[in-house]
Amino acid sequence: MDINTRIAEISDRIKQAALAASRSADSITLVAVSKVQPEDRIEDALTAGLRVFGENRVQEAQGRWATRRAIYPDLKLHLIGPLQSNKVEDAMALFDVIETVDRPKLVETLAKLAGAGNKLPKLLVQVNTGEEEQKAGVAPRDLPALLNLCAARGLPIEGLMCIPPENEEPAMHFALLAKLARRHDLGVLSMGMSGDFEAAIKFGATHVRVGSALFGTRVGPA
Ligand SMILES: *Cc1c(COP(=O)(O)O)cnc(C)c1O
């Protein structure tokens, strides 16, 4: 299947899921997860008209997107992987959205750099809804304190993001994230990947992050 066919198919499934949930398909943004994909697939996606992309590593994203920015001024780049403190300045320069704010130290660094004049991307907080040891994200019980710190440092948070545990029913995690977002009056919900974006839309996802279903199997480590 070529990428145009895949994009059409995914877009159609998004529309159907939105319809089933009595939502407007326009309220859902497809974030094409381009991490580790070969350059020709990225070019095909751009030619097909995709402009919103997700990457999980700052350095890889710089190599891939820094020069393409000039060619595609309407690009929107989302950081969807963990952000180390020493990469924050580069991430702020490159990304339009950082979806993975998840700890006080990162909030302090973002605030300091914004105060020093660096452009501030839109920010989401990643919530570790499954409370998995090895996974990034703030634990649900620590979310209020982290949001308070963001407010105190003048960092606007637009929404929440989660990656459900691999071997669990994702629906309960989507429901939890949606509940937390409502409680804190946050409008953006980034949830749902290739295998479960329709369920995420049912629970209110505004951004679905789809990689392999769009581009095909990734060639290399996650
Ligand atoms: C890789 C990745 C995705 C996309 O996963 P697919 O199953 O290939 O759609 C989405 N979100 C995050 C955070 C990822 O790291």
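Every number for a ligand or one of its atoms is a count from 1 in the order of the listing.
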Could you tell me whether Asp2 and Arg41 have a side-chain N and a carboxylate O separated by less than 4.0 Å? no

Could you see which bit of Leu214 sits under 4.0 Å from ligand 1, with heavy atoms only: side chain, backbone, both or neither? neither

Atom indices of ligand 1 within 4.0 angstrom of Ser194 heavy atoms, with elements: 6 (P), 7 (O), 8 (O), 9 (O)

With no hydrogens and no angle check, just 3.5 Å: does a side-chain donor-acceptor pair link Glu55 and His78? no

Does a side-chain N-to-carboxylate-O contact under 4.0 Å join Glu60 and Lys35? no

Under 4.0 Å between a side-chain nitrogen and a carboxylate oxygen: does that hold for Glu108 and Arg103? no

Which of the atoms in ligand 1, numbered in the order shown and given with their element, are less than 4.0 Å from a heavy-atom of Arg209? 4 (C), 9 (O), 10 (C), 11 (N), 12 (C), 13 (C)

Any side-chain to backbone donor/acceptor pair from Arg209 onto Ile80? Under 3.5 Å, distance only. no

Near Lys35, which atoms of ligand 1 are under 4.0 Å from a heavy atom of that residue? 1 (C), 2 (C), 3 (C), 14 (C), 15 (O)

Per-atom contacts, ligand 1 versus Val210 - under 4.0 Å to a heavy atom: 9 (O)

